[in-house]
Amino acid sequence: MTAQALIDTAQALVAADKGLLAMDESNATCHKRFAKLGIPLTEDARRDWRELIVTAPGLGACISGAILFDETIRQRTSTGTSFVSALDAEGIIPGIKVDTGAKPLAGHPGETVTEGLDGLRERLAEYAGMGARFAKWRGVITPGAGLPTRACIEVNAHALARYAALCQEAGLVPVVEPEVLMEGDHSLARCSEITEDTLHAVFAQLRLQGVLLEGMLLKPNMVLPGQACPQQESVEEVADATVACLLRTVPAAVPGIAFLSGGQSAQLASARLNAMNQRFKSRLPWALAFSYSRAVQQPALDAWKGDRANVEAAKKALVHRAQCNQAARRGNYDATADAPKGA
Ligand code: 13P
């Protein structure tokens with residue numbers, strides 16, 4: 001695999017104002033979301049849900065790549081097409097989550113380190129053989145009293161960089177996801193400080209491990225006040241703080257930054273991305289895109305509820321959210337027209 005092929009894939013993932021769709025929830029996370037809607041917690045239900053997503057007509061016009069879970073990349077639609085082929089047919093690049101989850105960090109109560117490096121070279125070769133062209137690894141940074149520790153930031157940055165180097169060796173574009181959680185009562189200023197520290201550590205490790213910045217994407221959190229913080233800044237203030245933080249930390253060689261949604265409402269995730277692009281797009285070295293799971297999937301999941309009769313409505317809801325986020329990349333998202341019904 002040449003460096004140019006990695007660069008081409010990374011650029012394709014942020015081209016045409018499209019974004020990524022994260023549909024790589026572990027079974028436990030998927031079941032948590034299903035349970036709230038009374039959807040059966042079964043492999044069949046997970047497959048049905050993922051089939052609904054990959055067969056939604058028009059999704060490829062606004063989604064460039066989809067991040068699959070190990071179970072899903074091995075599954076087929078009810079007509080016998082592999083999920084990878086169904087995505088290819090829509091012009092969506094298949095990707096794969098390759099970390100094995102955030103586990104308690106020894107000696108650091110309340111913090112985690114993401115695992116999955118053992119055997120990763122072999123797993124990446126297998127996924128590449130199955131048609132995956134990019135991969136994802138999520139490190140978790142938890143704000144709190146005295147947290148995060150330097151140890152937590154450094155071990156997660158180190159793991160992200162080792163993962164990214166292995167991905168590029170295997171010809172897969174690494175999506176590097178250090179997530180500062182929005183759970184908690186921390187302020188926007190504190191989130192900004194932690195995100196800045198984290199991104200500096202991540203890019204220092206990426207450099208140390210020789211990762212080609214032009215052949216990767218960054219998937220960070222937005223700079224937000226904690227969910228329980230009494231002061232909630234405006235959409236514009238979040239946009240300004242997020243872009244300021246990224247300008248201080250992310251090298252211009254990185255082709256794109258695709259945000260995670262992290263538990264924001266679907267509308268806020270679109271509005272904040274929109275504000276960033278509206279205010280700064282012409283002055284930024286990288287594309288500002290999206291790689292949402294909940295903020296794209298949740299309204300569709302709410303519409304589906306596990307009922308075959310709702311499949312078409314759910315597909316429409318899914319494509320609608322993807323379109324809203326494509327509009328947000330263009331700075332054209334109309335938050336008023338997209339207000340949740342009854343709001
Ligand atoms: P959310 O957009 O729901 O935060 O998920 C993004 C993701 O891929 C988390 O790893």
Side-chain angles (χ1 to χ4, degrees), residues 13 18-34 36 49-50 53 62-73 92-103 112-116 132 134-143 156 159-160 163-164 167 173-184 191 195 198 202 216-224 226-227 238 242 256-273 276 288-302 317-318 321-322 324-326 328-329:
L13 287 169
K18 298 183 193 183
L20 308 183
L21 171 59
M23 50 183 290
D24 60 331
E25 301 81 10
S26 65
N27 292 350
T29 302
C30 190
H31 286 175
K32 243 189 271 167
R33 296 180 193 161
F34 279 13
K36 285 192 188 141
W49 172 239
R50 268 84 183 238
I53 295 174
C62 27
I63 296 294
S64 55
I67 312 171
L68 303 173
F69 182 55
D70 180 75
E71 176 182 85
T72 320
I73 199 170
I92 298 174
I93 301 174
I96 181 76
K97 186 240 293 291
V98 299
D99 68 67
T100 57
K103 308 286 162 55
T112 61
V113 60
T114 299
E115 295 187 350
F134 72 102
K136 182 194 105 171
W137 178 293
R138 171 175 174 258
V140 181
I141 308 296
T142 308
N156 280 291
L160 277 163
Y163 137 83
C167 281
V173 167
V175 174
V176 173
E177 181 181 11
E179 175 174 8
V180 178
L181 295 178
M182 60 183 275
E183 283 78 25
C191 177
T195 304
T198 300
V202 166
M216 63 160 277
L217 296 179
L218 179 70
K219 175 166 174 168
N221 52 283
M222 293 182 191
V223 173
L224 301 172
Q227 262 166 341
V238 165
T242 303
I257 297 175
F259 293 103
L260 59 95
S261 60
Q264 306 174 63
S265 73
Q267 285 77 16
L268 264 181
S270 298
R272 288 164 169 163
L273 179 62
M276 287 182 225
L288 283 186
F290 57 95
S291 177
Y292 298 156
S293 160
R294 281 164 286 182
V296 168
Q297 287 190 49
Q298 195 59 47
L301 191 63
D302 292 342
L318 184 83
R321 285 267 46 98
C324 285
N325 290 307
Q326 185 175 45
R329 283 207 54 192

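By convention here, the first residue in the shown sequence is residue 1. Values in this document were obtained by computation on a predicted structure and should not be read as measured data. All ligand and atom numbering here is 1-based and tracks the order in the structure.
- Of the protein's non-hydrogen atoms, Lys219 NZ, 3.5 Å is the one closest to atom 6 (C) of ligand 1.
- Selection from Ala102, Gly262, Gly139, Ser26 by nearest heavy atom to atom 4 (O) of ligand 1 gives Gly262.
- Under 4.0 Å is where a charged nitrogen must lie from a carboxylate oxygen, and between Glu25 and Arg50 at least one such pair does.
- Residue Lys136 holds the heavy atom nearest to atom 10 (O) of ligand 1 of all those in Glu179, Gln297, Lys136.
- For the atom pair CG of Leu68 and CG of Leu21, the computed distance is 9.0 Å after rounding to the nearest 0.5 Å.
- The shortest contact between atom 3 (O) of ligand 1 and any protein heavy atom is with Arg294 NE, 2.7 Å.
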Q: Show your working on side chain to side chain contact (heavy atoms under 4.5 Å, CB included) between Thr114 and Asn156 and close with a plain yes or no.
A: CA-CA 7 Å; Thr114 299; Asn156 280 291; 3.7 Å; yes
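- Interface of Ala22 with ligand 1, defined as ligand atoms under 4.0 Å from a residue heavy atom, comprises 8 (O).
- Here the shortest heavy-atom pairing between Glu179 and Gly262 reads OE2-CA, 3.9 Å.
- Panel note: side chain Thr100, backbone Glu115; a donor-acceptor pair is recorded below 3.5 Å.
- The option with the heavy atom closest to atom 9 (C) of ligand 1, from among Glu177, Met23, Glu25, is Glu177.
- Each of the atoms 2 (O) of ligand 1 lies under 4.0 Å from some heavy atom of Tyr292.
- Contacts with ligand 1 closer than 4.0 Å are made by heavy atoms of both the backbone and the side chain of Ser293.
- Shown in contact with Arg138 at under 4.0 Å from a heavy atom are these atoms of ligand 1, numbered in order with element: 9 (C), 10 (O).
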Q | Ser270 and Arg321: CA distance, side-chain angles, deciding distance, side chain to side chain contact (heavy atoms under 4.5 Å, CB included) verdict | A | CA-CA 8 Å; Ser270 298; Arg321 285 267 46 98; 3.0 Å; yes
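- The nearest heavy-atom contact from the protein to atom 2 (O) of ligand 1 is Ser261 OG, 2.4 Å.
- Checking side-chain atoms of Tyr292 against main-chain N and O of Gln297 turns up no donor-acceptor pair under 3.5 Å.
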